[in-house]
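Below: one structure, written as structure tokens.
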Amino acid sequence: MTSPATIDAIQAEADMRRWLERAVIGLNLCPFAKAVYVKAQIRYAVYLPTDEAALIDMLLAEADELAALDASVRDTTLLIAPNTLADFLDFNDFTARAERRLARAGFDGVFQLASFHPRFQFAGTDADDIGNATNRAPYPTLHLLREDSVSRAVEAFPEAEAIFERNIETLEALGPDGWAALDVGPGSARP
């Protein structure tokens with residue numbers, strides 16, 4: 001049996017940019033993403049090892065680096081792990097551990113951690129439910145968001161709590177074929 005091909009950093013970043021442009025911004029799944037994207041305030045950090053052993057350490061290092069910079073320079077970080085945590089349940093457990101480590105490191109109230117995975121599945125949904133695509137990215141990804149930036153964005157956006165419902169409606173209208181036509185999976189971008 002052969003092992004799956006590993007993804008390099010250039011391909012992983014290119015695929016994530018494509019997903020961000022076509023799905024997240026293109027479908028307006030996150031109305032706050034476009035501003036930081038246009039201002040080049042997003043860091044794309046790629047973790048290439050095939051095991052998860054040092055991924056939390058890298059997340060903490062990225063949090064330290066993000067905290068040291070002004071939001072006008074870097075507002076958010078996407079930590080992409082293309083070659084590990086392929087199983088969504090393992091990734092979900094890992095994300096919970098990562099949140100606890102961030103809190104113990106003093107980042108509680110400083111950062112929020114969002115998660116994206118190619119097989120993301122909300123509790124109580126079927127694996128093929130199109131609504132799961134709201135949190136599906138080409139690769140397992142941990143997203144560090146500044147609490148202050150999130151608060152400002154929510155204050156500026158009327159009815160922010162309705163975003164999730166609107167996203168589900170958007171994806172249901174798009175359907176599985178429309179999502180597939182976005183071509184935002186692994187290896188879709190041409191770096």
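Considering every non-hydrogen atom in both Gln121 and Ala127, the closest pair reads NE2-N, 3.4 Å. Closest of all the heavy-atom pairs between Phe107 and Ala63 is CE1-CB, 3.7 Å. Closest approach of Ala33 and Leu20 over heavy atoms only: CB-CD1, 4.4 Å. A pairwise comparison of heavy atoms in Ser115 and Asn135 identifies O-ND2, 3.3 Å as the closest pair. A pairwise comparison of heavy atoms in Pro31 and Ile163 identifies CG-CD1, 3.7 Å as the closest pair.
By the neighbour-count criterion of 12 heavy atoms within 6.0 Å, atom CG of Leu69 is densely surrounded, having more than that number from other residues, nucleotides or ligands. For Asp90, the CG atom sits in a packed shell: over 12 heavy atoms of surrounding residues, nucleotides or ligands are nearer than 6.0 Å.
Screening residues 132-148 for salt bridge (Lys or Arg N to Asp or Glu O under 4.0 Å) gives Asp75-Arg146 as the qualifying pairs, with residues at least two apart or on separate chains.
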Any chance you could lay out the side chain to side chain contact (heavy atoms under 4.5 Å, CB included) test for Leu55 and Leu85, step after step, and finish with the verdict? CA-CA 10 Å; Leu55 183 54; Leu85 294 166; 3.8 Å; yes

Would you sort out whether Phe88 and Asn92 count as a side chain to side chain contact (heavy atoms under 4.5 Å, CB included), showing the intermediate values? CA-CA 6 Å; Phe88 173 65; Asn92 202 37; 4.2 Å; yes

Determine whether Arg101 and Leu113 satisfy the following criterion, side chain to side chain contact (heavy atoms under 4.5 Å, CB included), listing intermediate values before the conclusion. CA-CA 11 Å; Arg101 285 285 303 277; Leu113 187 64; over 6 Å; no

Go through Arg43 and Arg74 one step at a time and tell me if the side chain to side chain contact (heavy atoms under 4.5 Å, CB included) criterion holds. CA-CA 7 Å; Arg43 172 164 161 75; Arg74 182 181 306 156; 3.2 Å; yes

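The structure places CD of Glu65 at 13.0 Å from CG of Leu60, a figure rounded to the nearest 0.5 Å. Rounding to the nearest 0.5 Å gives a distance of 10.5 Å between CG of Asn132 and CH2 of Trp179. Going from atom CZ of Phe116 over to atom OG1 of Thr95 covers 11.0 Å, rounded to the nearest 0.5 Å. Residue Leu102 holds its CG atom at 13.0 Å from CZ of Arg97, rounded to the nearest 0.5 Å. The CD1 atom of Ile80 sits 14.5 Å away from the OH atom of Tyr47 when rounded to the nearest 0.5 Å. Atom NE2 in His143 sits 7.5 Å away from atom OG1 in Thr77 (nearest 0.5 Å).
In the hydrophobic cluster analysis, where Ile, Leu, Val, Met, Phe, Trp and Tyr join through side-chain heavy atoms closer than 4.5 angstrom, Ile7 is grouped apart from Ile10.
Leu27 places a side-chain heavy atom less than 4.5 Å from the side chain of Leu171. Contact annotation: the side chain of Thr134 approaches that of Ile168 to within less than 4.5 Å [non-hydrogen atoms, C-beta and beyond].
The aromatic ring centres of Phe122 and Phe164 sit less than 6.0 Å apart.
For Arg100, there are no salt bridge (Lys or Arg N to Asp or Glu O under 4.0 Å) partners two or more places apart in sequence or in a different chain.
Panel note: side chain Thr141, backbone Tyr139; a donor-acceptor pair is recorded below 3.5 Å. In terms of modelled atom types and a separation under 3.5 Å, the side chain of Asp15 and the main chain of Pro138 share no donor-acceptor contact. For the pair Asp129 (side chain) and Gly131 (backbone), a donor-acceptor distance under 3.5 Å is present.
Looking at Ser188 and Asp183, their side chains never bring a donor and an acceptor atom within 3.5 Å of each other.
Ion pair Arg17/Glu21 not flagged as a salt bridge, since none of the NZ, NE, NH1 or NH2 atoms sits closer than 4.0 Å to an Asp/Glu carboxylate oxygen.
Phe111 pairs in a side-chain contact (heavy atoms from CB on, under 4.5 Å) with only one of the listed residues (Val150, Thr76, Leu66, Leu59), which is Leu66.
Taking the six-membered ring for Trp and thresholds of 30 and 60 degrees, His117 and Phe91 have ring planes inclined between 30 and 60 degrees apart.
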